[in-house]
Amino acid sequence: MLGLLMVLPLLPFYAERLEGTGLFGELISHIGSTGLVVGLLVSSFAVAQLLSAPFWGRVSDRYGRRPALLIGLGASFLAYIIFAYADTLSMLFLSRLVQGAGGGTVGVIQAYVADATEPENRAKSLGWLSAATNAGVAIGPVIGSWSRTISAEAPGLIAASIVSVNMVFVWFFLRESYDVAAARADGHKNIRSRDAVWNVITHSREPAPRLIWIYAIAMGAFQGMTSILALFLAVRFGVTAATIGYFFMYIGAIGFLMRAAILGWAVDWLGEVRLSRIGSVLLAAGLALLPLTQGYLGLAIAVALVPIGTAFTFPCITSLLSRVIGKHERGLYMGVQQSFGGAARVIGPLWAGWAYDHLGIGVPFWTGAIMVFATIFIGIGMESYTRSDHERRTAAV
């Protein structure tokens, strides 16, 4: 995430410099402006990530987590090198596609955490993973902007160097968490990625698909909010490009604090199922209240509810998913979750932007709140899947 956020804020400047260059650049220049180019650059990463995530999960279930992570990191290394020396818009797009394909290993990382921790500790461990992600998001743009003052190639080369250090660490110090030989000895056969995706759609009442839908709906609502938050704040509170960063820093700081310091204690106290529901309620409340705020105090409260809600919801849902699926399919289904989440990251902002323009500034927030609140009903009865064998036998008696 550190490397990704080093280059992401620089994309508009690189796209503007390379506009109209190369065959692809010439084609795009005839149908749109720099804004369209930047939008395509950002979405190309998301599309490559959501398409590759189930594949990487299946690879990790078949050959191990370490090989999948190393290949994914290698793809990211190559992408940053291409980014550093891109002299046409086509090369810039290529770097984003390769980087997105490497970024599809997020589900593999989550599967590794699930493999390496006991069920009762998974939510807090996944919370630490999210906290690390937030730290990379916060620090990356600063390093990227600083390195750009050295040369145009520096951000990409420094990002590639960071990835290479990561690869060395994985190679020498990260032990394999998944026993591939034992899985093969058990005669387990891996299902195809597209079958797992289709299963989520056609068997939506099963526990794993239900959790994936909860994750995707909440993710779509959250990303929809973030895509139009700057527009809303500019209209309602006069926020400008010079001050909007403080609001996102406020959101990121609360999210980091909740995941790093509060989540583990809250899981021990309430359990993953109840905490995920509380998170959904808080996220829905924050979304619903945002358009109603008039003063800065109300705004601060409403905005704070959003990262608190996501900090409780996403790690708990992912932890629950690791419980309801077998270890032999953990990587695959966590990759599928990332694919559905990636699709939601595309659909949510598209809906939010259209609704903001045509239906009113409050509509995207309120529709997101309704959908997130509805996920509580999707998760009814999930407690039975988190009980230990002893608890299930006791309940049956």
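The analysis underlying the following values was restricted to heavy atoms, covering all of them including side chains, and did not include hydrogens, waters or symmetry mates. All values reported here derive from a predicted model rather than from experimental measurement.
Taking every heavy atom of both residues into account, S60 and V108 meet most closely at CB-CG1, 3.8 Å. Closest approach of R274 and L270 over heavy atoms only: NE-O, 2.9 Å. In plain terms, the two heavy atoms of A300 and Y250 that are nearest each other are O-OH, 2.9 Å. Looking at every heavy atom in both residues, L263 comes nearest to C316 through CD1-SG, 4.4 Å. Considering all non-hydrogen atoms of both residues, L50 and G342 come closest at CD2-C, 3.8 Å. Of all heavy-atom pairs between P364 and A355, the closest is CD-CB, 4.0 Å.
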Start with the C-alpha gap between S44 and F93, add the side-chain angles, then the distance that decides, and say whether side-chain contact (heavy atoms from CB on, under 4.5 Å) holds.
CA-CA 8 Å; S44 62; F93 268 100; 4.1 Å; yes
For L299 and L290, what are the C-alpha separation, side-chain angles and deciding distance, and is it a side-chain contact (heavy atoms from CB on, under 4.5 Å)? CA-CA 7 Å; L299 176 64; L290 264 171; 3.7 Å; yes
I139/M6 under side-chain contact (heavy atoms from CB on, under 4.5 Å): CA gap, chis, key distance, verdict
CA-CA 8 Å; I139 301 171; M6 281 180 60; over 6 Å; no
### Message
Using the rule given for side-chain contact (heavy atoms from CB on, under 4.5 Å), can you reason through R194 versus N199, listing the C-alpha separation, both sets of side-chain angles and the distance that settles it, and then say yes or no?
### Response
CA-CA 8 Å; R194 64 173 178 267; N199 183 65; over 6 Å; no
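Salt bridge status for R122 with E272: absent, with no side-chain N to carboxylate O gap under 4.0 Å. Electrostatic pairing of R330 and D61 does not count as a salt bridge here, judged by no charged N lying under 4.0 Å from a carboxylate O.
A distance of 9.5 Å separates CH2 of W213 from CE of M371, quoted to the nearest 0.5 Å. Once rounded to the nearest 0.5 Å, the distance linking OG of S322 with CG of L126 reads 7.0 Å. Within the model, atoms CD1 of I317 and CZ of R277 stand 9.5 Å from one another, a figure rounded to the nearest 0.5 Å. Between the CH2 atom in W56 and the CD atom in Q49 there is a gap of 12.5 Å [rounded to 0.5 Å]. Rounding to the nearest 0.5 Å places CZ of R175 at 15.5 Å from CZ of R65. For the atom pair OG (S125) and CD (E120), the distance works out to 10.0 Å, reported to the nearest 0.5 Å.
Proximity of L275 to T313: side-chain heavy atoms (C-beta onward) are nowhere separated by under 4.5 Å. Between Q99 and V7, the closest side-chain pair of non-hydrogen atoms falls below 4.5 Å. Looking at V306 and F222, their side chains come closer than 4.5 Å, going by heavy atoms from C-beta outward. Under the 4.5 Å side-chain criterion, counting only non-hydrogen atoms from C-beta, Y63 is not in contact with E176. Using a 4.5 Å cut-off on side-chain heavy atoms (C-beta onward), L321 and Y215 make no contact. By the 4.5 Å heavy-atom criterion applied to side chains, F45 and L97 are not counted as neighbours. For the pair T88 and L92, the minimum side-chain heavy-atom distance is 4.5 Å or more. Between W366 and P291 the shortest side-chain heavy-atom distance falls below 4.5 Å.
Following chains of ILVMFWY side-chain contacts shorter than 4.5 Å, one cannot reach I361 starting from L350, and the two form parts of different hydrophobic clusters. Residues V346 and V197 fall into different hydrophobic clusters, defined by Ile, Leu, Val, Met, Phe, Trp and Tyr side chains chained together at heavy-atom separations under 4.5 Å. Cluster annotation: L78 is connected to L94 through the hydrophobic network of ILVMFWY side chains, with a link wherever side-chain heavy atoms come within less than 4.5 Å. L283 and F256 are members of different hydrophobic clusters when ILVMFWY side chains are connected at heavy-atom separations under 4.5 Å. There is a path of hydrophobic side-chain contacts, each under 4.5 Å, that joins I201 to I214.
Between the S151 side chain and the A154 main chain, a donor and an acceptor come within less than 3.5 Å of each other. In this structure, the side chain of Y80 engages the main chain of L4 through a donor-acceptor pair within 3.5 Å. Listed for the T318 side chain is no donor-acceptor partner under 3.5 Å among the backbone atoms of P315. Put simply, the side chain of R323 gets close to the backbone of P119: a donor and an acceptor are under 3.5 Å apart. A distance-only check finds a donor-acceptor pair linking the side chain of S164 to the backbone of S161 [under 3.5 Å]. The backbone N or O of A101 lies less than 3.5 Å from a partner atom in the side chain of S52, making a donor-acceptor pair. Looking only at distances, a side-chain donor or acceptor of R66 sits under 3.5 Å from a matching main-chain atom of W171. W128 places no side-chain N or O within donor-acceptor distance of the main-chain N or O of A123, the cut-off being under 3.5 Å. In this structure a side-chain-to-backbone donor-acceptor pair under 3.5 Å is present from T133 to L129. Looking at R236, its side chain does come within 3.5 Å of a backbone N or O of T293 through a donor-acceptor pair.
Ring centers of F365 and F232: under 6.0 Å apart, within the cut-off. Separation of the Y296 and F237 ring centroids falls under the 6.0 Å cut-off.
Taking the six-membered ring where the residue is Trp, H358 and W354 present parallel rings, their angle staying beneath 30° rather than reaching 60°.
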